[in-house]
4 protein chains.
Amino acid sequence: MPPIVSEEYKEKKKEQILTSALACFAQKGFTAATIDDIVAHSGISKGSIYNYYKSKDDIYIDLLNTNTSHYMEQITEQFSKLHSAIDKITFLFDHYINVDPQDEQRLGYVSVFYEFIFHSTRDEDIHALVTKRKNHLLKLMKDIIEQGQQAGEVKKELDPELYAYKFWIMIDGVSIQSVFADSPYHNVLAMLKQTYLEEIKG
Amino acid sequence: MPPIVSEEYKEKKKEQILTSALACFAQKGFTAATIDDIVAHSGISKGSIYNYYKSKDDIYIDLLNTNTSHYMEQITEQFSKLHSAIDKITFLFDHYINVDPQDEQRLGYVSVFYEFIFHSTRDEDIHALVTKRKNHLLKLMKDIIEQGQQAGEVKKELDPELYAYKFWIMIDGVSIQSVFADSPYHNVLAMLKQTYLEEIKG
Amino acid sequence: MPPIVSEEYKEKKKEQILTSALACFAQKGFTAATIDDIVAHSGISKGSIYNYYKSKDDIYIDLLNTNTSHYMEQITEQFSKLHSAIDKITFLFDHYINVDPQDEQRLGYVSVFYEFIFHSTRDEDIHALVTKRKNHLLKLMKDIIEQGQQAGEVKKELDPELYAYKFWIMIDGVSIQSVFADSPYHNVLAMLKQTYLEEIKG
Amino acid sequence: MPPIVSEEYKEKKKEQILTSALACFAQKGFTAATIDDIVAHSGISKGSIYNYYKSKDDIYIDLLNTNTSHYMEQITEQFSKLHSAIDKITFLFDHYINVDPQDEQRLGYVSVFYEFIFHSTRDEDIHALVTKRKNHLLKLMKDIIEQGQQAGEVKKELDPELYAYKFWIMIDGVSIQSVFADSPYHNVLAMLKQTYLEEIKG
DNA sequence: TATGAATGAGCTTTCATTCAT
DNA sequence: TATGAATGAAAGCTCATTCAT
């Protein structure tokens, strides 16, 4: 291996680690998953992992950061193709509808993510991170609603922030319920989408 | 102190352990909290704790069970004083509204409880327990809605199960958001209550 | 329970404890068997057991002592009915032949007993005890052989001590082999008996 | 020391652990000896020991396996130099005669080994192992006797299996007796050797 | 005497992290 | 940079023994 290595190479390596870490955390939970699990899953040596990340927590944090970035980028990209507020909201709902709630990988990821939130109760750094993510998403929704109000699509009298909260509250709630195999995930989401849209449409 | 201690005494001891356990789990999370933490918090010796509970998991499980029982009893008792479906739903919303979202103990409990749900993804026994709890609460709500439909208080055309889900989804979502200090917990809940009631009223 | 209790009562209680202790040690081995096992098996409370024995080791020691006494008494009694040396030796061989080598209780007991011997390597008190037992049995055999020599039944030229050793060595060896289910315990013992008797007969 | 240590290095390390383990087990017995004892004796860290062996039981098992292999190899090698059955049997007797019965290390090993046998009463895996060892040794002896019969050195009428058993029974018995410092180990063994050979010679 | 809850030292085992190569 | 053997603190749990009643 060359003593000097491109940034690109490093990025790729970190990504590999992150992918394996996510898989391991998803399968066993953050605490129960061990560095050796990540070693086994990634094929990267323990020493190497510690060259890229200074601790297990560090991996965890980068995982959330990277994932948040990806998610935001994805949405932004999709939104560039959409113009009306209602279309955007519809798109977001559909994003969650077009998902197999029982897909193991998805479930694993959901677990990791919400564990992270509760973990954050006890760690300031992580709390700040999670709060930032939440505020990003909230702002996104609030902007859409305000845009919709200006365009006359959305009722003027409703509080954009409150309705932005309502949106993410429903997503969070539905995600939690998706943990239960017998939940009517799709039906519920369809209903939530319909009533939410009716409720806000001007 | 021996010999032959009353059942009452034992119950009290278990309750002490549970109280300390909840405090420790709330502060550090289930995995990170140690038996020694519970020892320190409760003043009860390690050996004694293991006389009452056969493992840390066992404590965790009893914690959820006991809490669920208390919660269900409380609600059942209150419901006996209420008769219309709308009153009952209002009562439930108010139950969550009349809470300080930033109360440390409550936050701790919420963290422990939702961690439990995600933990359950990886442990069948716990999953069964959590599912049972969910189904209890779901049934409770469904029954209220059906009762309301029969009494003509609630729209006949809506699916009781779906709306029961919607209720708990909102509660879960709001509970998660309450982790963030800057969330407008009360305002959002008040709005959710109002729109939910309007939506279902016949 | 009366504050003053007869010696007889105490003896009976100790015997109960010893019986249960033997059963437990036989099943799990001395170290693995717990006082609670003995409590469960005997129905006698833990505190009570400690009234009669000051430690687990103490029980172990009394077990061997008592057992040795019983065994010696038994043999002595039987020997009173026999007169020739050859008859006595025959009786001893038959004592071991008339046994089901795979009887669980017997196997348990054999295990406990030999464990004791090896345990004794590390504990002077126990070593003294075990040595004393060995010497008792050795003397018993040596006396028989000498008696046989005087009576002209047994060859004069053989060393009584050496042949006494040989006898117990074979018994020990056979006992160990009996641990293996597929050992031809009876056939081997029958052969050992025959050749031993032939070897010593005058 | 990493990276990529030779197999040889690993073997040496395992051997070190085994040597220390044997010493500790010999001194205190398997159950009473602790991993920390092995750490102290070997100077190898606890974590490292667990890198090479996954449990205390595992060490115990490898100890027996390794020892059995060495013993069998040793015998096989020596046997290649010997041809007559009587020579081989003589060699085996002498192998036990040429030993200091009070040598601490030997005594330790004997204790560990026989404890193992009795331990095996309660553990199927270990029982299988010990049974296999016993059958190996039995077969070895039986083959020698049969070879001797074919060559006319050994009486044709005696049952090879029974006499193979007799041989090992005597070795076991003598080994047990060697625990007692005052046993005439050498004299007894010499006598056993002489009478056994006379008994079987054709 | 009898009881069994209480105790805590001590056990085996795990695992994040380090560091010599 | 890459490797993986080494480390040891810390975890969950057991159990002989004590002692208040």
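Throughout, a chain's letter reflects where its sequence line sits, starting with A, and its residues are numbered from 1. Here the structure is a predicted model, which is why all the values come from computation and not from measurement.
In terms of polar N and O atoms assigned as donor or acceptor, the side chain of B/N51 never comes within less than 3.5 Å of the base of E/dA5 in a complementary pairing.
Taken residue by residue, residues 38-48 of chain A places heavy atoms nearer than 4.0 Å to DNA chain E at A/K46.
Nearest to the side-chain atoms of D/I35 among the listed nucleotides F/dA5, E/dT12, E/dT17 stands E/dT12.
Using a 4.0 Å cut-off, some side-chain N or O of B/K13 falls inside it from OP1 or OP2 of E/dA6. Between D/Y50 and the phosphate of E/dT13, there is a side-chain N or O to OP1/OP2 separation shorter than 4.0 Å. Within the 4.0 Å cut-off from OP1 or OP2 of F/dA6, at least one side-chain nitrogen or oxygen of D/Y9 is found. Not one side-chain nitrogen or oxygen of B/Y60 sits closer than 4.0 Å to the OP1 or OP2 atom of F/dG12.
Residue D/K28 contributes atom NZ, which lies 12 Å from atom C1' of E/dC11 at whole-angstrom precision. With rounding to whole Å, B/Y53 atom OH is found 15 Å from E/dA5 atom P. Atom pair A/I49:CD1 and F/dA5:P shows a separation of 15 Å (rounding to whole Å applied). As a whole-Å value, the separation of A/D37 CG from E/dT14 C1' is 12 Å. Going from atom CD1 of D/I17 over to atom C1' of F/dT7 covers 13 Å, rounded to whole Å. For A/D58 and E/dA16, the CG to C1' distance is 13 Å, given to the nearest whole Å. When the C1' atom of E/dA5 is taken as reference, atom CD of B/E8 falls 17 Å away, rounded to whole Å.
Shown here are the side-chain contact (heavy atoms from CB on, under 4.5 Å) partners of C/A21, two or more places apart in sequence or in another chain: C/F25, C/I38, C/I59. For B/E7, the salt bridge (charged side-chain N to carboxylate O under 4.0 Å, His left out) partners at least two apart in sequence or on another chain are B/K10.
Considering all non-hydrogen atoms of both residues, D/I61 and D/L129 come closest at CG2-CD2, 3.7 Å. Scanning all heavy atoms of the two residues, the minimum distance from C/C24 to C/H41 falls at SG-CB, 3.9 Å.
Using a 4.5 Å cut-off on side-chain heavy atoms (C-beta onward), D/I35 and D/Y50 make contact.
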Strand DNA chain F as a dot-bracket string - pairs counted if Watson-Crick or G-U with both distances under 3.5 Å, | where the partner lies in another strand: .||||||||||||||||||||
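No option in C/F30, C/Y109, C/Y60 other than C/Y60 meets the ring-ring contact (aromatic ring centres under 6.0 Å, His included) test with C/F116.
When each of D/K10 and C/T31 is assigned the nucleotide of DNA chain F bearing its nearest heavy atom, the one mapping closer to the 5' terminus is D/K10. Mapping A/D36 and D/A32 onto DNA chain E via the closest heavy atom, the residue that lands nearer the 5' end is D/A32. Along DNA chain E, the nucleotide nearest D/K54 and the nucleotide nearest B/Y52 are compared for position; the residue whose nucleotide lies closer to the 5' end is B/Y52.
Among pairs with a residue in residues 113-130 of chain D, those fulfilling salt bridge (charged side-chain N to carboxylate O under 4.0 Å, His left out) read C/E115-D/R122, C/R122-D/E115, at least two apart in sequence or across chains. Every pair passing salt bridge (charged side-chain N to carboxylate O under 4.0 Å, His left out) that includes a residue from residues 46-56 of chain B is listed here, sequence neighbours excluded: B/D36-B/K46.
Annotation: D/Q16, atom CD; neighbour count of heavy atoms from other residues, nucleotides and ligands within 6.0 Å is above 12.
Looking only at atom types and distance, the side chain of A/T34 has a donor-acceptor partner in the side chain of A/D37 under 3.5 Å away.
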